[in-house]
Amino acid sequence: MPNEEIDVKNLASVEKYRSYNRYFRQAAEARNKDVWWKTYRTRKNSVVFEGAERVDIGLPYYQPCRTKEVKKKRQVMKENKKNVELERASRLRTFKIPLDQVQETWEKTTGPFHVKRLADHYGVFRDLFPMAYFLPQVTLKVCYSQDNGTHVHYGNQLTPTEAATAPQISFNAEEGSLWTLLLTCPGTHKMISGQGNIPGSAVQAGEELCHYLPPFPARGTGFHRYIYVLFKQDGPINFQENIRPSPCQSLVQHTFKTVDLYRKYQDNMTPVGLAFFQCQWDQSVTDTFHNTLNMREPVFEFIRPPVYHPPQVKYPHRQPLRYLDRYRDGKEHTYGIY
């Protein structure tokens, strides 16, 4: 096992590192060394991906120059030290951090890596793009209601009532660029909505692949993931074979797999953005099945079997006082009264 060569009975003889840098350097070397045992992450990856490596299908990530970042940080710190008002606000504890700037900085630096880790945690890449992943470098902002601030983030929970109507979607796009936006549910293999050949960030001006359908997680099936995936196109794409009729009121016509569409147009489109939420059944789902899909609502329920009691004996030996309650007629218990 790890560290089996260390004599724990004589810790005074163990070599001291005497500096954190030396310890960190040796720890990094030990981490990269091949060992015979398997860590939890190794076992998990070997089960999920069967020993094969995943492929990055997204845009290449260019690491910013470290020297420029350090110079910029020093310049900001130097200017802040000369700012008298900032010093006074910090001393009086009245300084307010601009959260909009924090959000913008996070989206440009570590945000895409955090979103990727969340997507791995929720199994987004595993179910959308088997054996592949991408780094979401374009921030996708999805808002269902401006009044109560119902936004889609990365795994937050929304109700089908809150997501009953098409949301407002925005993202940063270059002038003259083309995009494809899909909303899918990998648990049911359904396309909820889709827009192709979107000019810039004008989502409504794109070619409608599938009219928006409210989320319909069946009763008793728990939470479903609804995932927005943004693709960047190299040029116009002919989506005539993938267009659904409008309005589309058949679940068969909503059947869809994201990986099939990507394999078909992978030479002309690249995934760059991601946002997803979780949703479970509420009363509005019944209305969607009956009035929109024109079908009976499926209900999945667990029928719990009755509790088994052995045959009653006349003289119960070493049984609790409530033994007779198991065999009384009715559900009202009379503890201790026999």
- Of all heavy-atom pairs linking Gln278 and Gly155, the shortest is NE2-O, 2.8 Å
- Interatomic distance, CD1@Ile237 vs CG@Asn268, rounded to 0.5 Å, equals 5.0 Å
- Item | Ring centre gap for Phe239 and Tyr265 strictly below 6.0 Å | yes
- Query: Below 4.5 Å, heavy atoms only, C-beta onward: do Leu293 and Leu251 meet side chain to side chain?
  - Reply: yes
- Task: Measure the CZ-NE2 distance between Phe277 and His224 for me, rounded to the nearest 0.5 Å.
- Result: 12.0 Å
- Hey, are the side chains of Cys143 and Pro167 touching, using non-hydrogen atoms and a 4.5 Å cut-off? no
- Any luck finding a side-chain donor-acceptor pair between Glu297 and Thr286 under 3.5 Å? yes
- Query: Can you check whether Val272 reaches Gln137 side chain to side chain, under 4.5 Å on heavy atoms?
  - Reply: no
- Message: Can you tell me how the ring of Phe129 sits relative to the ring of Phe134, calling it parallel under 30°, perpendicular over 60° and tilted otherwise?
- Response: perpendicular
- Message: With a 3.5 Å distance limit and no angle check, can you tell me whether Ser177 reaches the backbone of Ala173 through a side-chain donor-acceptor pair?
- Response: no
- Item | Shortest non-hydrogen separation from Thr288 to Pro214 and the atoms involved | OG1-CB, 4.1 Å
- Message: If you count every heavy atom of other residues, nucleotides or ligands that lies below 6.0 Å from Tyr61 atom OH, does the total exceed 12?
- Response: yes
- salt bridge (charged side-chain N to carboxylate O under 4.0 Å, His left out) between Glu241 and Lys264, intermediate numbers included: CA-CA 11 Å; Glu241 298 180 0; Lys264 186 176 182 180; 2.3 Å; yes
- Atom OH of Tyr315: over 12 foreign heavy atoms under 6.0 Å: no
- Task: Give the C-alpha distance, both sets of side-chain angles, the deciding distance and a yes or no for side-chain hydrogen bond (donor to acceptor under 3.5 Å, both in side chains) between Thr180 and Gln233.
- Result: CA-CA 7 Å; Thr180 297; Gln233 301 177 196; 2.4 Å; yes
- Message: Under 3.5 Å, is there a donor on one side chain and an acceptor on the other for Asn197 and Glu207?
- Response: yes
- Please round to the nearest 0.5 Å and tell me the distance separating atom CG of Leu182 and atom SG of Cys210. 9.5 Å
- Message: Is there a continuous path of hydrophobic side-chain contacts, each under 4.5 Å between heavy atoms, that joins Leu274 to Val152?
- Response: no
- Item | Closest approach of Pro316 to Lys314 (non-hydrogen atoms, all atoms of both residues) | CD-O, 3.4 Å
- Hey, any chance Val124 and Tyr262 share a hydrophobic cluster, counting ILVMFWY side chains that come within less than 4.5 Å of each other, even indirectly? yes
- Item | Test: Glu29 and Lys33 ion pair at under 4.0 Å | no
- Query: Could Lys73 and Glu69 be called an ion pair, given the rule that one side-chain N must be under 4.0 Å from one carboxylate O?
  - Reply: no
- Message: For Tyr133, does the six-membered ring have the charged nitrogen or CZ of Lys116 within the cation-pi criterion, i.e. under 6.0 angstrom from the centroid and within 45° of the normal?
- Response: yes
- Can you find a pair of side-chain heavy atoms, one from Pro245 and one from Pro247, that are under 4.5 Å apart? no
- Task: Indicate if Leu213 and Leu158 have the same hydrophobic cluster label, given that clusters are the connected sets of ILVMFWY residues with side-chain heavy-atom separations under 4.5 angstrom.
- Result: yes
- Ignoring hydrogens and angles, tell me if any N or O in the side chain of Asp287 forms a donor-acceptor pair with the backbone of Gln283 under 3.5 Å. no
- Derivation and outcome, side-chain hydrogen bond (donor to acceptor under 3.5 Å, both in side chains), residues Asn294 and Gln249: CA-CA 7 Å; Asn294 298 322; Gln249 299 179 348; 3.3 Å; yes
- Message: How long is the straight-line distance from OG of Ser284 back to CZ of Phe216, given to the nearest 0.5 Å?
- Response: 12.5 Å
- Task: For residues Met77 and Gln75, determine if any side-chain heavy atom of one lies less than 4.5 Å from a side-chain heavy atom of the other.
- Result: no
- Message: So which atom in Val115 and which in Pro136 form the shortest heavy-atom distance, rounded to 0.1 Å?
- Response: CG1-CG, 3.7 Å
- Is it the case that more than 12 heavy atoms not belonging to Arg66 sit under 6.0 Å from its CZ atom? no
- Look at the aromatic rings of Tyr144 and Tyr212 and report parallel, tilted or perpendicular, splitting at 30° and 60°. tilted
- Salt bridge between Arg126 and Asp120, side-chain N to carboxylate O under 4.0 Å? no
- Message: Between His254 and Met191 (side chain of the first, backbone of the second, donor and acceptor by atom type, cut-off under 3.5 Å), is there such a pair?
- Response: yes
- Might you confirm whether atom CD1 of Ile97 has over 12 heavy atoms from other residues, nucleotides or ligands at distances under 6.0 Å? no
- Message: Quick check: is Leu181 connected to Ile192 through a chain of hydrophobic side chains (ILVMFWY, heavy atoms under 4.5 Å apart)?
- Response: yes
- Note on the structure: In terms of heavy-atom contacts, Pro215 and Val285 come closest through O-CG2, 4.1 Å
- Task: Please tell me if the side chains of Glu174 and Lys232 come closer than 4.5 Å, counting only heavy atoms from C-beta onward.
- Result: yes
- Query: Are Phe276 and Tyr122 close enough that their ring centers fall under 6.0 Å?
  - Reply: yes
- Message: Looking at Gly123, is its backbone amide N or carbonyl O close enough to the side chain of Arg225 to form a donor-acceptor pair, meaning the two atoms are under 3.5 Å apart?
- Response: yes
- Query: For Gln253, does its backbone N or O pair with a side-chain atom of Arg244 as donor and acceptor, under 3.5 Å?
  - Reply: yes
- Message: Test your reading of the model: is there a side-chain donor-acceptor pair from Glu107 to the backbone of Glu104, 3.5 Å cut-off?
- Response: no
- Task: Answer whether the closest heavy-atom distance between the side chains of Leu178 and Phe231 falls below 4.5 Å.
- Result: no
- Query: Regarding Thr255 and Lys190, is there a side-chain donor-to-acceptor distance under 3.5 Å anywhere?
  - Reply: yes
- Query: Is any side-chain heavy atom of Ser170 less than 4.5 Å from a side-chain heavy atom of Ser201?
  - Reply: no
- Indicate, with yes or no, if Phe113 and Val102 share a hydrophobic cluster defined by side-chain heavy-atom contacts under 4.5 Å among Ile, Leu, Val, Met, Phe, Trp and Tyr. no
- Give the ring-plane orientation class for His114 versus Trp106, where under 30° counts as parallel, over 60° as perpendicular and anything between as tilted. tilted
- Query: Can you name the nearest heavy-atom pair linking Leu135 to Pro112, along with the distance?
  - Reply: CD1-O, 3.5 Å
